[in-house]
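Both backbone and side-chain heavy atoms feed into the values below; hydrogens, waters and symmetry mates do not. Numbers restart at 1 for each chain; the letters A, B, ... are given by sequence-line order, proteins then strands.
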Amino acid sequence: EVQLVESGGGLAKPGGSLRLSCAASGLSVSNAWMSWVRQAPGKGLEWVGRFKSETDGGTIDYAAPVKGRFTISRDDSKNTLYLQMNSLKTEDTAVYYCTTHSLVVPAPFDYWGQGTLVTVSS
Amino acid sequence: QSVLTQPPSASGTPGQRVTISCSGSSSNIGSNYVYWYQQLPGTAPKLLIYSNNQRPSGVPDRFSGSKSGTSASLAIRGLRSEDEADYYCAAWDDSLSGWVFGGGTKLTVL
């Protein structure tokens with residue numbers, strides 16, 4: 001069974017930094033396409049970025065609002081995906097979900113973590 | 001402002017059929033697959049439809065998806081109280097080189 005567990009959320013000041021973690025079990029993060037998706041309070045879903053599997057090049061893509069400020073990385077030895085968030089803005093306040101493409105069907109965002117809340121406020 | 005456009009709300013009575021639309025452009029829905037997600041209150045989204053009209057194992061056949069041109073639709077027949085949730089469409093956008101979502105539709109079962 002695939003499980004994704006996010007951690008690291010909390011309160012940060014504008015201009016500050018936070019690092020989110022996503023510990024995976026039931027799959028290898030190096031062999032999966034993994035994404036971060038966020039949801040501002042009472043709002044819809046917004047894709048943040050993705051890390052392709054090693055077999056598909058291992059490249060990383062970001063959404064325009066976070067490019068240059070956020071960095072996605074992974075530690076294969078810990079089977080964990082990270083989201084380093086710098087230069088935080090109030091509009092980055094959201095629940096951040098770790099999600100991965102399906103291992104069964106050709107679909108993105110099949111497995112989801114429970115989410116971790118990031119609040120950016122002075 | 002979401003790249004994909006959905007009505008903010010929809011409603012129906014138990015047993016009815018409801019449809020939720022998702023409008024995009026040639027760079028997303030017009031040239032790529034559409035996916036649908038169901039988000040029950042306080043939970044993470046769940047994959048409902050993939051590749052325009054395919055259901056993952058475990059999703060009831062009451063749910064169906066379709067696509068035509070730059071628009072897509074999710075249909076739910078035999079509406080049940082447990083279908084009350086937010087529904088999102090998603091597609092890859094070639095111009096943005098990223099995934100885009102609709103703003104979500106809140107479905108109320110009256």
Side-chain angles (χ1 to χ4, degrees), chain A residues 1-6 9 20 22 24 32-52 56-57 59-68 70 72 91 94-117, chain B residues 1-9 20 22 24 27-28 32-59 63 65 67 72 74 85-107:
Chain A
E1 180 191 6
V2 174
Q3 283 198 328
L4 303 172
V5 179
E6 302 97 336
L20 307 184
C22 171
W33 288 46
M34 301 197 68
S35 285
W36 288 96
V37 173
R38 67 185 180 182
Q39 186 169 34
K43 302 296 184 182
L45 302 172
E46 180 184 23
W47 177 74
V48 173
R50 72 173 178 191
F51 204 138
K52 289 184 180 179
D56 289 305
T59 55
I60 306 171
D61 301 298
Y62 299 94
V66 307
K67 199 168 186 178
F70 289 12
I72 299 174
E91 52 263 42
V95 172
Y96 284 73
Y97 292 102
C98 172
T99 174
T100 181
H101 284 221
S102 176
L103 303 177
V104 179
V105 298
F109 322 131
D110 192 6
Y111 305 102
W112 297 72
Q114 83 286 356
T116 187
L117 176 63
Chain B
Q1 194 80 358
S2 301
V3 174
L4 304 181
T5 301
Q6 296 180 236
S9 63
I20 297 171
C22 175
S27 65
N28 42 64
N32 295 295
Y33 286 122
V34 177
Y35 305 85
W36 289 93
Y37 297 85
Q38 177 193 59
Q39 186 175 32
L40 297 170
T43 69
K46 168 191 170 184
L47 177 66
L48 207 58
I49 297 288
Y50 68 95
S51 301
N52 301 333
N53 54 19
Q54 302 298 302
R55 284 185 310 278
S57 174
V59 173
F63 294 89
K67 175 184 132 174
L74 173 70
D86 293 325
Y87 292 84
Y88 295 89
C89 57
W92 179 261
D93 191 292
D94 293 330
S95 295
L96 297 174
S97 294
W99 289 99
V100 292
F101 287 93
T105 298
K106 184 176 183 62
L107 174 64

Would you check if F109(A) and Y35(B) make a side-chain contact, meaning some heavy-atom pair closer than 4.5 Å?
no

Examine whether an atom of Q39(A) lies under 4.5 Å from a heavy atom of chain B, and if so say whether it belongs to the side chain, the backbone or both; otherwise answer neither.
side chain

What closest approach, in Å, do W47(A) and F101(B) show between heavy atoms, and which atom pair accounts for it?
N-CE1, 3.8 Å

Comparing P108(A), G115(A), A63(A) against chain B, the one with the most heavy-atom pairs below 4.5 Å turns out to be P108(A)

So if I apply the side chain to side chain contact (heavy atoms under 4.5 Å, CB included) rule between P45(B) and each of L45(A), D110(A), V37(A), which one comes out positive?
L45(A)

Considering only heavy atoms, which portion of S57(B) lies under 4.5 Å from any heavy atom of chain A: side chain, backbone, both, or neither?
neither

For S51(B) and P106(A), work out which heavy atoms get closest and say how close.
OG-O, 3.8 Å

When rounded to the nearest 0.5 angstrom, what is the spacing between CG in L47(B) and NE2 in H101(A)?
11.0 Å

Heavy-atom distance under 4.5 Å to chain A: side chain of T43(B), backbone, both or neither?
backbone

CH2 of W99(B) to OG of S35(A): how many Å apart, nearest 0.5 Å?
8.5 Å

Contact class of Q39(B) relative to chain A, heavy atoms under 4.5 angstrom
side chain

Atom OH of Y33(B) with >12 non-hydrogen neighbours under 6.0 angstrom
no

